[in-house]
Amino acid sequence: MTRTTLSADRIATAVVAAILAVVGLLALMWRFGWVLDLPARSSTTVVADLETHAWWPWALGVAGVLLVLVGLRWLWAHLRTSGVSQLNLPGTGSEGRLRVNGKAAASTAADVLADNPGVRSARGRLTRDRGQLVVDLRASLTPDVDLEDLASVCDTVAADLAHVLERSDLYCRVHLSVTGSGAATSRVQ
Amino acid sequence: MSTALQAADEPQHGTDETPLPRAKTPVTIGKVFGLSVLWSLLLIALGVVAVRDALVHADLLDGRPWTQQALDFLDGHTAGDWLVPVAVLCLLLALWLLVVAVKPRPRSEARLQADTGVFLTKTSLRRLATSAAGDVDGVDTADARATLSRVRVTATTTPDQVDAVQAGVQAAVTERLAALVQPPRVDVRVTTTGGTP
């Protein structure tokens, strides 16, 4: 989900909140006669008269199609994944920009990470999250892993990635997931 | 270890390079996501109703326009006491929606002390706590529940070891999670399984 979608979502939810608040306040004003001098009986004749105009079906049809299109586009925005595979590296000269598959760099970093005691497996990808381009690594750990050691290994891997990818706008995130229970396992190589 | 990432003819860099900076802490998807799916479905439904009514007006479909029926339903009501609970419901819902729209999404993982971004999932917290508690001498069984701010461990042991196990499990779990930037509070409850025969 992109930041634009998230902002749109928040604004839309706030708008619905505002509409409900107005409806609630109007209901109270109608019942108790506060502020606005609303008539005793509700009347929809003003709106009903609109329906008699010749342009009404057209207006309704166009509005309906627009609503459906906007709704579908908005819904679709929530289904998109945020993986990024092609990554341009700063190259020398005007011809040719080095292109490294971001996924490959992240996968290699994951392989390096997986080659440590306590790490069962690891995988990596490049993703965009809240406006940041992130190398996202996920590692599966045994419960007896040394977290401090692993944290410094992650720093080393991130340093290598910084060197290889040479972009000033990249971030790194390693998700550690402990799988399995209790008993320490020996790594038979 | 770093040669896998670099060309073979390049000198080793590794430790003198600053690591990639920490990405934002992972967050849960949040309520706004689900609500927005609902709003978009409502928009589509409204649009379908509008198109249907337009076709009915144009005599391309049979039946009465639903918008007309809705307006007829809303017509001719008097302001009664039924408005009060409706109003209260609307206002409470409006308040809740406003809070949800504005609140930042809660974190879903705990950050470890490191230069780059290293995070531990909530399930991992639970499993680490269970594993650490289970390794303490005298502990029969151990179980844990964890949120990012609090870990609750229950352990069973024999009656004569309750105090020792209480202290031991507290220390073991706290030490296990010490690498976190904001270690959660550890609560330990020890119950007995019955004395040794």
Honestly, the part of Ser177(A) sitting under 4.5 Å from a heavy atom of chain B is both

Rounding to 0.5 Å, atoms CG (Leu83(B)) and CE (Met29(A)) come to a distance of 12.5 Å

Worksheet item: Taking side chain as C-beta onward, heavy atoms only, is Trp74(A) less than 4.5 Å from Val37(B)?
Response: no

Nearest heavy-atom contact between Cys90(B) and Val23(A) is SG-CG1, 4.0 Å

| field | Side chain Gln68(B), main chain Ala48(A), donor-acceptor under 3.5 Å | value | no

Review point. Checking Arg10(A) side chain against Lys103(B) main chain: does a donor-acceptor pair fall under 3.5 Å?
Key: yes

Inset, instruction - Count the heavy atoms of every other residue, nucleotide or ligand shown that sit under 6.0 Å from CG of Asp62(B), and state whether that count exceeds 12. - result: no

message: Please check: side-chain N/O of Lys24(B) versus main-chain N/O of Arg130(A), any donor-acceptor pairing under 3.5 Å?
response: yes

- Tell me, yes or no, whether the heavy-atom count around Gln69(B) atom CD, taken from other residues, nucleotides or ligands under 6.0 Å, exceeds 12. yes

Has Asp155(A) got a side-chain atom pairing as donor or acceptor with Thr116(B)'s backbone, closer than 3.5 angstrom? yes

TODO: Check step by step if side chain to side chain donor-acceptor pair (under 3.5 Å) holds for Trp39(B) and Thr13(A).
DONE: CA-CA 8 Å; Trp39(B) 308 149; Thr13(A) 305; 3.2 Å; yes

Closest heavy-atom pair, Ala87(B) versus Gly24(A), reported as atoms and distance to 0.1 Å, is CB-O, 3.3 Å

Bottom line for Val145(A): the part with an atom under 4.5 Å from chain B's heavy atoms is both

Between Gly80(B) and Arg31(A), the two heavy atoms sitting closest are O-CD, 3.0 Å

NE2 (His57(B)) and CH2 (Trp56(A)) are apart, to the nearest 0.5 Å, by 7.0 Å

>> Quick check: do Leu141(A) and Leu128(B) have side-chain heavy atoms less than 4.5 Å from each other?
In response: no

Of Ala21(A), Ser152(A), Gly131(A), Ala18(A), the largest count of non-hydrogen pairs under 4.5 angstrom with chain B goes to Ala21(A)

When rounded to the nearest 0.5 Å, the distance separating CG of Leu67(A) from CD1 of Ile44(B) is 10.0 Å

Here the pair of heavy atoms bringing Gly64(A) nearest to Ala50(B) is CA-CB, 3.6 Å

If one checks every heavy atom of Val65(A) against chain B at 4.5 Å, the contacting part turns out to be both

4.5 Å side-chain heavy-atom contact, Arg22(B) and Cys172(A):
no

Distance col, row Leu147(A):CG vs Gln113(B):CD, nearest 0.5 angstrom, shows 10.5 Å

Neighbour count >12 (heavy atoms, 6.0 Å) for atom CZ, Arg107(B): no

Got a donor-acceptor contact below 3.5 angstrom from the Arg127(B) side chain to the Val178(A) backbone?
yes

So, the side chain of Asp75(B) versus the backbone of Thr44(A): is there a donor-acceptor pair under 3.5 Å, distance only? yes

Whatever's closer than 4.5 Å to a heavy atom in chain A on Thr123(B) counts as neither

Any side-chain heavy-atom pair from Leu20(A) and Leu91(B) closer than 4.5 angstrom? no

Value for CG (Asp9(A)) from OG (Ser40(B)), rounded to nearest 0.5 Å, stands at 8.5 Å

For Gln132(A) and Ala23(B) the tightest heavy-atom approach is OE1-CA, 3.5 Å

So, the part of Val102(B) with a heavy atom under 4.5 Å from chain A: the answer is backbone

Answer yes or no: does atom CG of Asp163(B) have more than 12 heavy-atom neighbours from other residues, nucleotides or ligands under 6.0 Å? no

Cut-off 4.5 Å, heavy atoms of chain A, and the answer for Leu89(B) is neither

Okay, Trp58(A) and chain B: the region with an atom under 4.5 Å from a heavy atom over there is neither

One should read off an interatomic distance between Phe119(B) CZ and Leu176(A) CG, to the nearest 0.5 angstrom, of 10.0 Å

- Query: Do the side chain of Arg41(A) and the main chain of His77(B) share a donor and acceptor less than 3.5 angstrom apart?
  - Reply: no

